[in-house]
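Report on the following structure.
All values below were derived from every heavy atom in this structure, side-chain atoms included, with hydrogens, water molecules and symmetry-related copies excluded. As the structure is a prediction and not an experimental result, all values here were calculated from the model.
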Amino acid sequence: MTDRNASLLALLGSVLLLPGCAAGAGGAASSAAAGIDTPKPALDDGPVARAAYAISLGQQGETNADAKSLRTAAQLLASLGAKPDNGEEDDLSSRWSEQASLLDPSITSPVYRGRALGPSYKKGTVSATLAVKTDQIFLAGKKAAVALVPVSAKPMSIKISDGRGENVCKTGVSSKPMNCEWLPLFTGRYRIRIETSAREPAAYYLVSN
């Protein structure tokens, strides 16, 4: 392989969007979420995409008072070791587990110890007049993963760029979870931009590794 070809392959790797960079993860709906249109993650989806699925499932479980969906979402977050960013928010796994038990005490499921360190999630709001911009550092050689989970049916989009302003991920507009995954060649700060066409503030969860 020539030096030129090696350089081209290295450059391609830094901006390569893995299959997760799209609205939703695809697949059939979970049997625990009958009547809910949250896409079930594929078998090869990583922990961030699975946490995004769990948050979306739990949100819809709250809306529909669906105990089984709430318990499924709670246990999946616990098994992934997913926690609120900096402990600033309620632990969704604990909250949804309690709600599921109140709705239907007969529903039981295994208690997962979870990993010591899993994805983190943070709730925020965005509107058409005020896009959200946040920076996050990702490490070289370690797959970076970010997911946007709209809480309401209001459509949103997410765009991620590197320190030079070049796009590494840009999704379409959707009200379903959107996943971005890429492999940074260098450790650096990335800019995450969230937008919506909704005039009123629209809530979302941002999940990352």
Inset, instruction - Without swapping roles, check the side chain of Thr125 against the backbone of Ala203 for a donor-acceptor pair under 3.5 Å. - result: no

Inset, instruction - Write down the atom of Ala140, the atom of Leu185, and the distance for their closest heavy-atom approach. - result: CB-O, 3.3 Å

Inset, instruction - Could you give me the CA-CA distance, side-chain angles and deciding distance for Glu62 and Leu70, then say whether side chain to side chain contact (heavy atoms under 4.5 Å, CB included) is met? - result: CA-CA 7 Å; Glu62 279 190 319; Leu70 286 167; 3.7 Å; yes

Legend entry - Side-chain donor or acceptor of Ser93 paired with backbone N/O of Ala74 under 3.5 Å: yes

Legend entry - Distance-only polar pair, side chains of Gln60 and Ser56, donor-acceptor under 3.5 Å: yes

Inset, instruction - Look at the rings of Tyr205 and Tyr121 and say which category their plane angle falls in: under 30° parallel, 30 to 60° tilted, over 60° perpendicular. - result: perpendicular

Inset, instruction - Determine whether Phe138 and Asp162 make a side-chain contact, defined as any pair of heavy atoms from C-beta on separated by less than 4.5 Å. - result: no

Inset, instruction - Measure across Ala52 and Ala147 and return the closest heavy-atom pair with its distance rounded to 0.1 Å. - result: CB-CB, 3.6 Å

Inset, instruction - Answer yes or no: is there a side-chain heavy-atom contact under 4.5 Å between Ser120 and Ser208? - result: yes

Inset, instruction - Give, for atom CZ of Arg189 and atom OG of Ser161, the distance between the pair rounded to the nearest 0.5 Å. - result: 12.5 Å

Legend entry - Between Arg71 and Ser101, a side-chain donor and acceptor under 3.5 Å: yes

Legend entry - Salt-bridge criterion met for Glu195 and Lys159 (N-O under 4.0 Å): no

Legend entry - Student check: side-chain heavy atoms of Ser197 and Pro155 closer than 4.5 Å: yes

Legend entry - Thr72 side, atom OG1; Leu77 side, atom CG - distance, nearest 0.5 Å: 11.0 Å

Inset, instruction - Of all the heavy-atom pairs spanning Arg50 and Leu76, show the shortest one and how long it is. - result: O-CD2, 3.6 Å

Legend entry - Heavy-atom pair of closest approach, residues Ala54 and Ala73: O-CB, 3.2 Å

Inset, instruction - Walk me through it: do Thr171 and Leu148 pass the test side chain to side chain contact (heavy atoms under 4.5 Å, CB included)? - result: CA-CA 10 Å; Thr171 69; Leu148 175 66; 6.0 Å; no

Inset, instruction - With rounding to the nearest 0.5 Å, note down the distance linking CG in Leu92 to CD in Gln99. - result: 9.5 Å

Legend entry - Non-hydrogen side-chain atoms of Ser157 and Lys170 separated by less than 4.5 Å: no

Legend entry - Spatial distance of atom CG (Leu103) from atom CG (Asn64) [nearest 0.5 Å]: 11.0 Å

Legend entry - Side-chain heavy atoms of Ile158 within contact of Cys180, under 4.5 Å: yes

Legend entry - Distance-minimising heavy-atom pair for Ser175 and Ala153: CB-O, 3.3 Å

Inset, instruction - Please answer whether the main-chain N or O of Ile194 pairs with a side-chain N or O of Tyr204 as donor and acceptor at a distance below 3.5 Å. - result: no

Legend entry - Verdict with supporting geometry, Trp96 and Gln59, side chain to side chain contact (heavy atoms under 4.5 Å, CB included): CA-CA 9 Å; Trp96 288 338; Gln59 288 288 332; 3.9 Å; yes

Legend entry - Pairs flagged by salt bridge (charged side-chain N to carboxylate O under 4.0 Å, His left out) wherever residues 73-84 is involved - sequence neighbours left out: Lys83-Asp91

Inset, instruction - Using atom types as modelled and distance alone, determine if a side-chain donor or acceptor of Asn209 lies under 3.5 Å from a backbone N or O of Ala145. - result: yes

Legend entry - Closest non-hydrogen atom pair between Ala202 and Lys154, with its separation: CB-CD, 3.6 Å

Legend entry - Short side-chain to backbone donor-acceptor contact, Thr134 and Ile192, under 3.5 Å: no

Inset, instruction - To the nearest 0.5 angstrom, please state how far the NZ atom of Lys123 sits from the CG atom of Asp90. - result: 9.0 Å

